[in-house]
Amino acid sequence: MTFDREDCTVPDSAIDPRDPQRSAPHTLLRDVRLGSGGPTVDVRSAGGRVVEVMAPGAPEDGARVLRCAGGTLLPGLVDAHVHAVQWAGARRKVSLAAADSAQAAVDLLAAELERRPVPAGELVQGYDFRDGLWPDLLHKDLLERALPGRAVTLFSSDLHTCWLSPAALDLIGRDHPTGVFVEGECMAVTAALPAEPVALRDRWVMEAMEAAAARGVTGVTDFEFADTVEDWTRRLRTAPPTVRVACSIARPLLDAAIGRGLRTGQPVPEGHGVLTVGPLKLFVDGSLNTRTALCHEPYPGADAGSGRLELEPEELVALMERAWAHGVEPAVHAIGDRAATVALDAFAEVGCPGRVEHAQLVRAEDLHRFAALGVVVGVQPAHAPDDRDVAERYWPDRLERAYRYADLLAAGARLEIGSDAPVAPLDPWDGIASAVARTDDERPPWHAEQAIPVGAALAAASEGRTGIAVGDRADLMVTALDPAEVAPQDLRELPVVATLLAGRPTHVADALR
């Protein structure tokens with residue numbers, strides 16, 4: 001596959017960040033396969049839309065030409081659940097994913113700091129530990145012994161636990177017997193920690209979105225616990241967009257959002273044509289790793305409990321009613337099966353559209369309710385292979401209810417794939433591969449009966465788009481191979497050779513330059 005580098009790039013001076021569609025190039029994609037198994041065609045876009053699908057050999061008419069030589073043209077991917085600032089920061093933190101104990105995590109961190117020292121006085125940060133199966137307990141003293149006097153903050157893979165050293169506790173003016181915080185306390189501590197300068201953090205976020213565009217991403221929903229509307233409006237004043245962003249509303253900012261007239265799905269004022277208002281994020285429960293996911297049955301072990309209810313049903317309904325009365329749809333975090341029931345009951349009572357995020361455990365009697373209520377299921381298939389061991393430990397008697405994507409599809413539910421980055425990388429191909437293969441290592445598929453076809457996974461990763469036709473928004477990607485002809489495990493590494501946002505190339509593979 002070859003591209004004319006001069007034709008397919010757009011100089012910064014040609015980009016109007018205030019209106020990407022108006023400045024979008026007249027682009028001609030030559031010799032692309034129109035979708036998986038589709039015919040070879042030429043495709044023209046203009047004004048941000050697909051305007052022609054033609055037989056090969058169409059006149060160029062002054063277009064910017066991408067010579068695709070048989071690559072497969074697909075709708076751009078949309079990551080339906082990211083935390084943009086946390087993901088941008090995680091790309092620069094020490095990964096603790098390989099640790100199998102608290103002590104091993106500390107040793108790994110110390111060894112990495114030997115290789116890549118963090119200057120004295122700066123915050124040492126790590127992430128991606130999974131302590132659900134560890135034989136020892138997290139404690140601030142472990143960090144103090146290994147890194148005396150250093151301010152250290154470590155975050156679990158699910159973002160529901162943070163582990164601080166004594167010096168880090170001093171930074172935020174907190175005293176705590178263990179230095180370990182979960183759920184709401186974890187979020188409060190996260191917000192209180194020193195942050196990088198805004199300009200630096202914004203640059204990291206935009207770099208992360210450029211990397212996402214290189215994997216075919218043309219849109220994200222940002223669930224960062226912040227004023228995402230203001231943050232993204234600010235970022236796009238200084239840099240052209242590489243993805244569209246649906247800006248979620250954090251619960252404490254609901255009244256302010258209502259006062260500003262923000263409504264889900266509507267353009268953000270001064271949003272450069274790519275920002276829209278997203279949903280209101282609400283939490284019913286916690287997570288599996290911390291055993292705070294709310295279940296109908298208790299976790300194994302004496303006095304283990306059945307999880308944590310983070311929001312009483314009456315308060316959940318009241319918040320949803322207030323939001324929907326002002327045009328704001330709710331997105332309700334529910335991981336355990338009882339949490340899913342609580343969320344669905346609330347949607348039934350309020351009668352509004354919206355989303356349930358995660359739905360990692362769902363009872364059979366609740367499967368049909370998502371479609372019946374018009375509720376989208378935001379799923380993260382990459383979490384299934386990541387969580388299989390801890391799920392087998394803590395949900396051994398209910399695994400038939402876990403990560404049941406095939407059952408949800410069969411019940412008519414609409415799935416939208418996200419990463420929950422930084423819980424998993426901001427790369428929808430990781431989720432697509434996990435949904436199809438149900439494994440991400442040498443082990444056999446985990447509950448293969450819940451695998452879904454590649455076409456269904458692609459649709460779930462592109463807001464339900466299943467093809468490309470005249471009039472469609474020209475948010476597109478070209479893959480080197482047809483995903484339908486790739487082994488499920490290999491989908492994770494499928495090369496994306498070009499990505500277009502409103503017809504403007506945001507990525508061209510290095511190999512083609």
Main-chain N/O of [Y] paired to [X] side chain as donor or acceptor, under 3.5 Å:
X: Asp79; Y: Val220; answer: no
X: Thr264; Y: Gly278; answer: yes
X: Gln489; Y: Asp441; answer: yes

Salt bridge check: are [X] and [Y] linked by an N-O gap of less than 4.0 Å?
X: Arg492; Y: Asp440; result: no
X: Glu207; Y: Arg91; result: no
X: Arg401; Y: Glu297; result: yes

**Prompt:** Just how far is it from atom NE2 of His447 to atom CZ of Arg438, taken to the nearest 0.5 Å?
**Reply:** 7.5 Å
**Prompt:** Is the ring centre of Phe181 less than 6.0 Å from the ring centre of His176?
**Reply:** yes
Donor-acceptor pairs under 3.5 Å, side chain of residues 253-260 to any protein atom, not counting sequence neighbours: which ones?
from: Asp255; atom 1: OD1; to: Arg322; atom 2: NE; distance (Å): 3.0
from: Asp255; atom 1: OD1; to: Arg322; atom 2: NH2; distance (Å): 3.0
from: Arg260; atom 1: NH1; to: Asp227; atom 2: OD2; distance (Å): 3.2

**Worked verdict on Tyr405 versus Val377 for side chain to side chain contact (heavy atoms under 4.5 Å, CB included)** = CA-CA 10 Å; Tyr405 307 133; Val377 191; over 6 Å; no
**Prompt:** For Arg130, which of Asp100, Asp386, Asp389, Asp158 qualifies under salt bridge (Lys or Arg N to Asp or Glu O under 4.0 Å)?
**Reply:** Asp386
May I ask you to decide if the ring planes of [X] and [Y] are parallel, tilted or perpendicular, using 30° and 60° as cut-offs?
X: His83; Y: Phe223; result: tilted
X: Phe283; Y: His160; result: perpendicular
X: His333; Y: His358; result: perpendicular

Side-chain polar contacts of residues 421-429 - donor-acceptor pairs under 3.5 angstrom, sequence neighbours left out - could you list them?
from: Asp427; atom 1: OD1; to: Arg215; atom 2: NE; distance (Å): 3.4
from: Asp427; atom 1: OD1; to: Trp429; atom 2: N; distance (Å): 3.0
from: Asp427; atom 1: OD2; to: Arg215; atom 2: NE; distance (Å): 3.0
from: Trp429; atom 1: NE1; to: Arg215; atom 2: O; distance (Å): 3.1

**Message:** Does either side chain, that of Thr341 or that of His296, offer a donor lying less than 3.5 Å from an acceptor on the other one?
**Reply:** yes
**Asked** Does any donor atom in the side chain of Trp204 or Glu196 lie under 3.5 Å from an acceptor atom in the other side chain?
**Response** no
